[in-house]
Amino acid sequence: MKKAIKIILWVILGIALILGGLFAGFVYKVKNGFPVFYETDIPKIDFPANQSAILLFSKTSGFRHGGSIEASKKVFAEMAKKNNWFLYETEDGGVFNAEQLAKLQTVIFNNSTGEVINDEQKKALENYVENGGSLIGIHGAGDNSHHWPWYVQNLTGAEFSHHSLKMPFETTAILTDNQADSTLVLGINKDWKRADEWYVFLENPRQKGFDILYTINGESIDPTANIPLIAPNKNFGMGKDHPVAWHKNTGKGKTFYTSMGHDETAWKDENFVKLIENGIKWAIKE
Ligand SMILES: [Zn+2]
């Protein structure tokens with residue numbers, strides 16, 4: 001009997017050690033980036049002469065928002081058809097080279113998380129944007145898993161702190177900022193509410209020179225409920241002025257980011273889809 005108890009205790013200890021090890025590994029990866037494969041072969045793309053070319057990049061090496069990514073593809077395809085855009089959808093980072101980037105009117109990081117392109121490809125994208133290109137980021141594209149200072153400085157403007165783990169997602173009003181005349185808010189209902197996974201940032205991008213398009217009242221949601229062990233320096237609340245969509249001119253180019261878009265419901269939300277469409281039109285200067 002005693003022996004049996006001993007065996008059980010050892011088994012429990014063993015399981016606890018394995019689980020602890022796995023958790024520690026996960027925390028390490030969240031903090032330092034997930035290992036990733038970089039594609040360096042240049043893909044064959046036939047860019048049509050008379051259409052704006054848009055790159056929809058959905059590669060992930062961090063958290064994968066599979067539902068949102070899959071739902072978005074159909075919506076982007078319809079949007080491209082309607083606006084006569086050439087949409088190139090890929091998860092292959094080989095496209096991030098100066099020659100092919102120069103043929104693109106905009107690049108969309110579609111819930112793209114983690115370190116998805118190598119240093120040379122990052123540099124090519126930075127040069128592309130600063131010389132007149134544009135970069136759009138959706139939701140997970142701002143989750144700080146990219147380990148890329150230029151990207152934070154020029155796309156998200158602030159480092160991601162965390163998101164509330166409160167389930168189900170909280171519904172709150174999406175408030176227009178002082179941009180009523182902006183083409184970016186055209187056709188979007190003023191009375192807009194949605195439930196999403198609200199990202200909290202360490203600083204307010206407004207203070208970093210970004211033009212804020214939409215905010216939520218940060219006091220209308222519960223911004224806590226993160227995993228306390230990996231959250232020593234978190235911002236538990238951005239206050240009333242909690243931006244959820246913003247943009248900026250970067251060099252001769254432009255950047256636009258929205259923290260909304262966690263799941264497939266976003267792509268059924270006409271206002272969200274309109275915001276993305278407006279964002280693309282603004283980015284490609286149509
Ligand atoms: Zn999410």
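Ligands are counted one by one from 1 in listed order, and the atoms in each one are counted from 1 as well. Side chains included, hydrogens not; waters and symmetry mates left out as well; all remaining heavy atoms used.
For the pair His162 (side chain) and Pro223 (backbone), a donor-acceptor distance under 3.5 Å is present.
Note: Phe63 and His65 have perpendicular aromatic rings, judged against thresholds of 30 and 60 degrees for the angle between ring planes.
Between Glu89 and Lys73 there is a salt bridge, since a side-chain N of the basic residue sits under 4.0 Å from a carboxylate O of the acidic one.
If you run ring pair (Phe, Tyr, Trp, His ring centres under 6.0 Å) between His247 and each of Trp282, Tyr257, Phe256, only Trp282 comes through.
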In sequence, state the C-alpha distance, the side-chain angles, and the governing distance for Phe109 and Tyr151, and then conclude on ring-ring contact (aromatic ring centres under 6.0 Å, His included). CA-CA 11 Å; Phe109 266 47; Tyr151 181 92; 5.6 Å; yes

Taking it one step at a time, do Ile138 and Phe272 satisfy side chain to side chain contact (heavy atoms under 4.5 Å, CB included)? CA-CA 11 Å; Ile138 299 171; Phe272 175 82; 4.2 Å; yes

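Neighbouring protein atoms of the Zn ion (ligand 1) (N, O or S, distance under 2.8 Å, waters ignored): His65 NE2, His139 NE2, Glu197 OE1, His262 ND1.
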